[in-house]
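Reckoned from all heavy atoms, side chains included, excluding hydrogens, waters and symmetry mates. All figures in this text were calculated on a predicted structure; none of them were measured in a lab.
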Amino acid sequence: MNLTTFLLALFDGVSYAALVFIVALGLTLIFGVMRILNVAHGSLYAIGAYATVSLVGWVLALGAAPILAFPLMIVSAILVGVLIGGPVEYLLLRRIYDKPEVLQLLVTFAVFMILEDVQRLVWGTQPYFEAQALRALGNVTVFGVTYTVYQLILLPLVALTLLVGLRFFLRRTVTGKLITATTEDREAAQSIGIDADRVFLLTFVMGAILAGLGGALASPTTSILPGMGADMIVLSFAVVATAGLGQIEGAAIAALMIGMGRSFAIYIWPEVAVLVPYLIMVLVLLVRPEGLFGSPAARKI
């Protein structure tokens with residue numbers, strides 16, 4: 001492998017890891033607080049991408065500047081979180097918090113299947129692509145390798161900002177401390193007056209916004225088509241399991257490992273590139289069943 005190929009693999013890995021981390025961050029947040037593995041998270045990611053492509057295409061068709069694609073990504077993510085994530089938690093998940101984990105998993109999988117069909121109903125099966133945001137930032141040359149500013153700088157910067165911002169929110173703000181208290185012991189939190197239902201709703205909406213934001217940020221870099229949500233949720237689960245369930249900081253390291261492993265495999269041994277993220281996860285879980293940064297916990301019976 002020469003220097004050019006090495007740098008391309010490195011840049012691809014960083015860019016891909018940033019996207020996967022953003023989606024996995026929402027999944028980790030939801031599980032860490034609500035103890036629900038939300039399979040529908042992948043569909044929220046896909047709808048975020050579809051909504052961004054549609055919204056950006058419509059606004060730019062009116063003659064708006066391409067730079068508006070960036071705030072429209074945030075708008076799309078918020079719409080996904082509020083209009084889909086909020087009702088799903090309030091009308092459905094709230095009824096099954098005390099049910100067995102298998103039932104919770106089946107319910108979120110059912111939501112995933114419904115949302116997949118909604119995507120086909122609204123946007124059809126033809127691929128969409130809108131790269132105005134990618135073109136707006138141009139390219140940068142590093143050691144003779146030309147790469148897009150969007151993927152090399154913006155995506156990692158957004159991922160890092162979200163990690164630091166979420167850490168600060170959970171540890172330094174009143175609302176974040178309420179979420180943390182509810183995570184540690186829901187019954188004790190309710191006994192001192194914390195509205196656990198409101199905390200769960202806020203958490204799920206935040207996680208859904210992160211999923212939608214991941215899809216919005218991915219939209220300029222890939223074709224938007226049916227099935228993309230399933231691919232991302234499986235990778236997100238791999239990141240979450242590798243890091244340890246509920247480990248926000250660990251998810252960043254796990255995403256980087258998986259993103260780099262997948263990227264270098266594509267350049268060195270493309271036949272096994274699809275397997276590499278899951279091989280990394282399996283190897284980690286064989287050594288540390290609780291994940292890289294997880295710890296064994298007592299189980300209530």
Side-chain angles (χ1 to χ4, degrees), residues 12-13 15-28 30-31 36-57 73 76-77 79-81 83-85 88 92 105-131 133-134 151 155 207-242 254-255 258-259 261-263 265-266 270-282:
D12 285 348
S15 172
Y16 193 74
L19 278 176
V20 174
F21 168 71
I22 292 170
V23 181
L25 185 62
L27 189 65
T28 300
I30 290 172
F31 180 84
I36 285 183
L37 283 174
N38 179 29
V39 180
H41 205 69
S43 288
L44 299 176
Y45 161 84
I47 292 175
Y50 274 114
T52 299
V53 168
S54 298
L55 193 57
V56 170
M73 290 178 182
S76 299
L79 289 176
V80 169
L83 298 182
I84 301 178
V88 166
L92 185 60
L105 193 64
L106 288 174
V107 169
T108 59
F109 179 72
V111 174
F112 168 81
M113 296 300 293
I114 291 170
L115 293 178
E116 287 289 297
D117 286 339
V118 168
Q119 294 168 43
R120 290 179 172 84
L121 181 65
V122 175
W123 288 283
T125 58
Q126 296 299 316
Y128 286 73
F129 188 70
E130 177 57 67
L134 194 72
Q151 292 172 286
L155 291 182
I209 288 174
L210 288 170
L213 182 60
L217 291 169
S219 61
T221 66
T222 186
S223 295
I224 313 304
L225 70 168
M228 62 179 298
D231 295 337
M232 180 54 73
I233 191 59
V234 174
L235 278 171
S236 298
F237 275 135
V239 168
V240 172
T242 302
I258 287 175
R262 175 184 177 274
S263 178
I266 289 174
E271 292 83 0
V272 301
V274 176
L275 297 177
V276 167
Y278 314 113
L279 291 175
I280 293 173
M281 178 186 69
V282 169

**Item:** Verdict with supporting geometry, Ile233 and Leu27, side chain to side chain contact (heavy atoms under 4.5 Å, CB included)
**Value:** CA-CA 9 Å; Ile233 191 59; Leu27 189 65; 4.3 Å; yes

**Message:** Using the rule given for side chain to side chain contact (heavy atoms under 4.5 Å, CB included), can you reason through Val20 versus Ile258, listing the C-alpha separation, both sets of side-chain angles and the distance that settles it, and then say yes or no?
**Reply:** CA-CA 9 Å; Val20 174; Ile258 287 175; 5.7 Å; no

**Asked** Given the rule in the side chain to side chain contact (heavy atoms under 4.5 Å, CB included) test, do Phe21 and Val239 qualify, once you have shown the distances and angles that lead to the verdict?
**Response** CA-CA 8 Å; Phe21 168 71; Val239 168; 5.7 Å; no

**Prompt:** Going through the distances and angles, do Asp12 and Ile266 end up as a side chain to side chain contact (heavy atoms under 4.5 Å, CB included)?
**Reply:** CA-CA 10 Å; Asp12 285 348; Ile266 289 174; over 6 Å; no

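The two residues Ala46 and Met228 have their closest heavy-atom pair at CB-CG, 3.8 Å. The shortest heavy-atom contact between Leu134 and Pro220 is CD2-O, 3.7 Å. For the pair His41 and Val23, the tightest heavy-atom approach, listed with the atom from each and the gap, is NE2-O, 2.9 Å. Shown here for Gly214 and Leu19, the closest heavy-atom pair between the two residues is O-CD2, 3.7 Å. In plain terms, the two heavy atoms of Gly81 and Ala208 that are nearest each other are CA-CB, 3.7 Å. Of all heavy-atom pairs between Leu213 and Met73, the closest is CD1-O, 4.5 Å.
No donor-acceptor distance shorter than 3.5 angstrom exists from the side chain of Ser263 to the backbone of Gly259, with no hydrogens or angles considered.
Interatomic distance, Tyr45 OH to Leu235 CG, rounded to the nearest 0.5 Å: 9.0 Å. In this structure, CD1 on Ile224 lies 5.5 Å from OG on Ser219, to the nearest 0.5 angstrom. The structure places CG of Leu210 at 8.5 Å from CD1 of Ile30, a figure rounded to the nearest 0.5 Å. One finds the CG atom of Asn38 at 9.0 Å from the OG atom of Ser43 (value rounded to the nearest 0.5 Å). The distance from atom OG1 of Thr108 to atom CG of Leu92, rounded to the nearest 0.5 Å, is 9.0 Å. Distance check, rounded to the nearest 0.5 Å: CG of Leu225 to CD of Gln119 gives 10.0 Å.
Taking Tyr50 as the reference, Trp123, Tyr128 meet the ring-ring contact (aromatic ring centres under 6.0 Å, His included) condition, with sequence neighbours excluded. Shown here are the side-chain contact (heavy atoms from CB on, under 4.5 Å) partners of Ala110, two or more places apart in sequence or in another chain: there are none. Applying the side-chain hydrogen bond (donor to acceptor under 3.5 Å, both in side chains) criterion to Glu271, with sequence neighbours excluded, gives Trp269.
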